[in-house]
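For reference, the structure is listed below as structure tokens.
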Amino acid sequence: TATNTQSIATTQNQLNARFDALSVGGRNLWLNSKVKFDGNDGASTVSITENYIEVTPTYNGGYIYVWLTGDNAGEYTISLDAEAPSVELTLAIGYTETGGSRSWVVTGKKRCFITMTRKDGERGILIIRVYNAPSVKLSNFKLEKGNVATDWTPAPEDIDQKFTETDANIRNTYITK
């Protein structure tokens with residue numbers, strides 16, 4: 001029983017360490033984040049709508065990229081929705097302290113994410129590579145502090161802007177009648 005007690009204590013310590021390492025941000029740091037796009041590789045065509053960006057590789061694979069601004073140092077998570085009948089998708093981060101990549105096979109719709117650590121003021125790039133698919137629709141981009149991806153929400157500034165626009169439309173409608 002001493003061995004069992006030791007084993008349970010070890011497991012408890014490991015679980016405590018894992019829970020202590022969780023960091024949930026929740027707030028979207030990207031403005032106008034329904035669709036994000038800064039460029040592509042030229043080996044894919046891109047169609048941008050209000051609700052999604054569709055990437056169609058002209059060869060076996062293609063990619064788009066989004067520049068990452070130089071925010072404060074720390075751990076950040078980038079997530080997005082991908083939709084396709086079947087696609088292999090890779091998210092890769094470059095120019096960060098601990099850059100890396102993560103891949104998914106998406107059938108239908110899936111939330112994909114990658115976590116990174118960046119130095120203070122360091123700029124980076126998010127590369128979204130598409131393989132083995134006629135096309136993929138990408139939407140609901142989110143950059144948040146922490147190491148846990150949460151559901152997409154607009155940045156608070158985007159909501160404030162919508163209220164301002166709606167208020168102006170109501171005032172204009174009232175004044176013109």
Side-chain touch [X]/[Y], heavy atoms, less than 4.5 angstrom:
| X | Y | answer |
| --- | --- | --- |
| E54 | V46 | no |
| I48 | V35 | yes |
| V66 | W30 | yes |
| N72 | D120 | yes |

Atom [atom1] in [X], atom [atom2] in [Y]: separation rounded to 0.5 Å?
| X | Y | atom1 | atom2 | value |
| --- | --- | --- | --- | --- |
| I78 | K36 | CD1 | NZ | 10.5 Å |
| K145 | R27 | NZ | CZ | 12.5 Å |
| L138 | I53 | CG | CD1 | 6.5 Å |
| I125 | D38 | CD1 | CG | 8.0 Å |
| R129 | Y63 | CZ | OH | 7.0 Å |
| S47 | Y52 | OG | OH | 7.5 Å |

Any chance you could lay out the side-chain hydrogen bond (donor to acceptor under 3.5 Å, both in side chains) test for T115 and E75, step after step, and finish with the verdict?
-> CA-CA 7 Å; T115 299; E75 197 168 33; 5.8 Å; no
Identify the heavy atoms of T56 and S135 that sit nearest to each other, and give their distance.
-> OG1-CB, 3.4 Å
Search all heavy atoms of S44 against all heavy atoms of P57 and return the closest pair with its distance.
-> CB-CA, 3.7 Å
Take the angle between the ring planes of W67 and Y65 and call it parallel below 30°, perpendicular above 60°, tilted in between.
-> perpendicular
What pairs with F141 under ring pair (Phe, Tyr, Trp, His ring centres under 6.0 Å), at least two apart in sequence or on another chain?
-> none
Under 3.5 Å, is there a donor-acceptor pair between the K142 and T77 side chains?
-> no
Quick one: do L126 and W152 end up in the same hydrophobic cluster if we chain Ile, Leu, Val, Met, Phe, Trp and Tyr together by side-chain heavy atoms under 4.5 Å apart?
-> no
Below 3.5 Å, can you tabulate the donor-acceptor pairs from side chains in residues 105-114 to any protein atom, sequence neighbours excluded?
{"unit_1": "R111", "atom_1": "NH1", "unit_2": "D81", "atom_2": "OD1", "d": "3.0"}
{"unit_1": "R111", "atom_1": "NH1", "unit_2": "N140", "atom_2": "O", "d": "2.9"}
{"unit_1": "R111", "atom_1": "NH2", "unit_2": "S79", "atom_2": "OG", "d": "2.7"}
{"unit_1": "R111", "atom_1": "NH2", "unit_2": "N140", "atom_2": "O", "d": "3.1"}

Test item: D158 side-chain N/O and L31 main-chain N/O as donor-acceptor pair under 3.5 Å = no
Only one of M116, R102, R118 forms a side chain to side chain contact (heavy atoms under 4.5 Å, CB included) with I93, so which one is it?
-> M116
Identify the residue among V55, T90, N40, L80 that makes a side chain to side chain contact (heavy atoms under 4.5 Å, CB included) with I128.
-> L80
Dump the intermediate steps for side-chain hydrogen bond (donor to acceptor under 3.5 Å, both in side chains) on S33 and N28, then the final yes or no.
-> CA-CA 8 Å; S33 63; N28 195 342; 2.8 Å; yes
Would T58 and T45 satisfy side chain to side chain contact (heavy atoms under 4.5 Å, CB included), going step by step from the backbone distance to the final call?
-> CA-CA 7 Å; T58 52; T45 57; 4.2 Å; yes
Does CG belonging to D151 count more than 12 external heavy atoms closer than 6.0 Å?
-> no
